[in-house]
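Worth knowing before you read on, the calculation uses all heavy atoms, side chains too, and leaves out hydrogens, waters and symmetry mates. Fair warning: this is a prediction, and the values are worked out from it, not measured in the lab.
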Amino acid sequence: MKKHVISLYGLVVLLIASQVISFIFISGTISSLRDELNTTSNQLKDIIYENYIQTQGQITQLTSSLSSTEKSLTKQLSEIKASASSDFSGIIETAVKSVVSIKTDVSQGSGFIVTSDGYIATNAHVLNGAHYAKILTYNNDLIASQLIGYDTNLDVAILKISGNYDYLEFADSDNAKVGEKVIAVGNPYGLSFSVTEGIVSAVHRDNKYIQTDVPLNPGNSGGPLIDNKGKVLGINNFKFGGAEALGFALESNIVKTNINIITQKAINQTII
């Protein structure tokens, strides 16, 4: 009888030991699985976050690309419209927004915005003798300006106004062709944002001027001469008194170089 009891106790002990070992094994397995799940969860979170960042970057890039494409298409449509209709209506609609009237205490003239942050090119003689210059934008805002610098030899001056603006780009004046159509936008006799049309009559006059038959009047000085792509071929400087359709604009390549020389001296940086 004792032997049977001892055997039974032994069997119970073995069963208990087996249960304990199984419990320990299962607990270890569960703990290991829990660690693996936590690791996997963290890895998934990292992957999801990385994908989110990457997607956001792609969306930003796509938005920027679409914006650039839209601007490019708008320009191309304007050029096509100007070419197809033999007029500048498509160009003027865009270009005139970057032209300004300059009002001083002694005279008035024209200018045009050359950077998005408000740098303006004009003729130096427009500011001659003036104590201040206010800028009338296309939106009819009258803004005080800061004189950055000037070059009296080439008759170029740079002003600055605060804010963000549409601006005009420069064409390569070396590609200007005699006979191509151009327009002048300016402020003749105080008539702001007036547009006149003509052609290029000659290039490289005195190695720096484009000759045109575009009607120029007092107040046009400092305004842009614009080609059929809406880019600046030059700054309208002067016309011969008493002569008909004999105007001159400082070539854009010279203007662009001169602007950077002026701003480099004044603020130690080139702006275009």
Side-chain angles (χ1 to χ4, degrees), residues 95-96 98-102 104 107-115 119-128 130 133 135 147-160 167-188 194-241 243 245-266 270-272:
V96 72
S98 303
V99 178
V100 300
S101 291
I102 299 174
T104 76
S107 66
Q108 59 187 10
S110 304
F112 57 98
I113 300 170
V114 297
T115 66
Y119 283 92
I120 295 169
T122 186
N123 286 151
H125 76 258
V126 170
L127 308 174
N128 187 34
I135 306 302
L147 175 63
I148 299 299
Y150 57 89
D151 182 335
T152 54
N153 291 323
L154 289 176
D155 197 16
V156 176
I158 304 300
L159 300 170
K160 175 75 168 62
Y167 63 94
L168 290 174
E169 297 178 3
F170 285 93
D172 184 348
S173 52
D174 288 340
N175 293 332
K177 293 179 175 59
V178 174
E180 72 170 285
K181 286 187 176 182
V182 287
I183 57 172
V185 186
N187 181 39
S194 295
V195 179
T196 51
E197 181 182 275
I199 63 168
V200 171
S201 304
V203 296
H204 304 313
R205 292 293 196 198
D206 196 26
N207 293 319
K208 57 188 175 186
Y209 292 109
I210 293 173
Q211 179 187 330
T212 77
D213 69 349
V214 177
L216 298 176
N217 294 291
N220 272 120
S221 294
L225 184 71
I226 298 174
D227 66 13
N228 66 359
K229 292 181 174 60
K231 295 186 177 182
V232 177
L233 267 180
I235 292 183
N236 295 313
N237 282 70
F238 62 93
K239 61 175 288 187
F240 279 136
L246 197 56
F248 295 86
L250 185 65
E251 295 177 358
S252 59
N253 288 355
I254 295 174
V255 174
K256 188 174 179 179
T257 299
N258 195 238
I259 286 173
N260 284 329
I261 290 173
I262 291 171
T263 55
Q264 183 66 42
K265 287 181 179 179
T270 56
I271 61 172
I272 55 176

Point to revise | Under the side-chain hydrogen bond (donor to acceptor under 3.5 Å, both in side chains) test, residues paired with Thr196 that sit two or more places apart | key: none
Review point. Okay, side chain of Asp155, backbone of His125: is any donor-acceptor separation there less than 3.5 Å?
Key: yes
**Study point:** Counterpart residues, side-chain contact (heavy atoms from CB on, under 4.5 Å), relative to Asn128 (two or more places apart)
**Key:** none
Point to revise | Pairing residues for Ala157 by the side-chain contact (heavy atoms from CB on, under 4.5 Å) criterion, not counting sequence neighbours | key: Thr122, Ala124, Leu127, Tyr150
Check your understanding: Where is the tightest heavy-atom contact between Ile210 and Ser173, given as atom of each residue plus distance?
Key -> CD1-CB, 4.5 Å
Practice item. Kindly give the heavy-atom pair with the smallest separation between Leu168 and Gly230, and that separation in Å. Key: CD2-O, 3.8 Å
Check your understanding: Does some side-chain heavy atom of Asn228 sit less than 4.5 Å from a side-chain heavy atom of Lys181?
Key -> no
Practice item. Look at the side chain of Asp227 and the backbone N and O of Val182, then say whether any donor-acceptor pair between them is shorter than 3.5 Å. Key: no
Practice item. Please report the shortest heavy-atom distance between Leu216 and Gly247, naming the atom on each side. Key: CD1-CA, 3.9 Å
Review point. Would you find a donor on one side and an acceptor on the other, under 3.5 Å apart, between the side chain of Asn260 and the backbone of Thr263?
Key: no
Review point. At their closest point, which heavy atom of Ile272 faces which heavy atom of Val114, and how far apart are they?
Key: CG2-O, 3.6 Å
Point to revise | Sub-4.5 Å side-chain heavy-atom contact between Ile102 and Ile135 | key: yes
Check your understanding: Should Asp172 and Asn253 count as side-chain neighbours, where that means a heavy-atom distance under 4.5 Å?
Key -> yes
Review point. Do Asn258 and Asp151 pass the side chain to side chain donor-acceptor pair (under 3.5 Å) test, and can you show the C-alpha distance, the side-chain angles, and the key distance before you say yes or no?
Key: CA-CA 8 Å; Asn258 195 238; Asp151 182 335; 2.9 Å; yes
Study note, to complete from the structure: Rounded to the nearest 0.5 Å, the CD1 atom of Ile120 sits from the OG atom of Ser98 at a distance of 10.5 Å
Review point. Donor-acceptor pair, Ser252 side chain versus Ala171 backbone, under 3.5 Å?
Key: yes
Point to revise | Which residues share a side-chain contact (heavy atoms from CB on, under 4.5 Å) with Val96, sequence neighbours left out | key: Ile92, Tyr138, Val185, Phe193
Exercise for review: Examine distances only and state if a side-chain atom of Asp213 and a backbone atom of Ile199 form a donor-acceptor pair shorter than 3.5 Å.
Suggested key: yes
Point to revise | Considering all heavy atoms, the nearest Ile148-Leu159 contact | key: CG1-C, 4.2 Å
Review point. Mind checking what makes ring-ring contact (aromatic ring centres under 6.0 Å, His included) contact with Tyr209, not counting sequence neighbours?
Key: Phe238
Exercise for review: Please report the C-alpha distance between Phe170 and Val232 in whole Å, then the side-chain angles of each, then the deciding distance to 0.1 Å, and finally whether the side chain to side chain contact (heavy atoms under 4.5 Å, CB included) criterion is met.
Suggested key: CA-CA 5 Å; Phe170 285 93; Val232 177; 4.0 Å; yes
Practice item. Starting at CG of Asn236, measure out to CD1 of Ile183 and round the result to the nearest 0.5 Å. Key: 10.5 Å
Check your understanding: For the residue pair Gln108 and Val126, what are the closest heavy atoms and their distance?
Key -> C-CG1, 4.4 Å
Check your understanding: So, Glu251 side chain and His204 main chain: donor-acceptor pair closer than 3.5 Å or not?
Key -> yes
Review point. Who are the side-chain contact (heavy atoms from CB on, under 4.5 Å) partners of Ile261, not counting sequence neighbours?
Key: Thr257, Lys265
Exercise for review: Starting at CG of Leu154, measure out to CG of Asn123 and round the result to the nearest 0.5 Å.
Suggested key: 10.5 Å
Review point. Just by distance, do the side chain of Asp206 and the backbone of Lys208 share a donor-acceptor pair under 3.5 Å?
Key: no
Study note, to complete from the structure: So CD of Glu169 and OG1 of Thr115: to nearest 0.5 Å the spacing works out to 12.0 Å
Review point. How about Val99 and Pro224: do any of their side-chain heavy atoms sit closer than 4.5 Å?
Key: yes
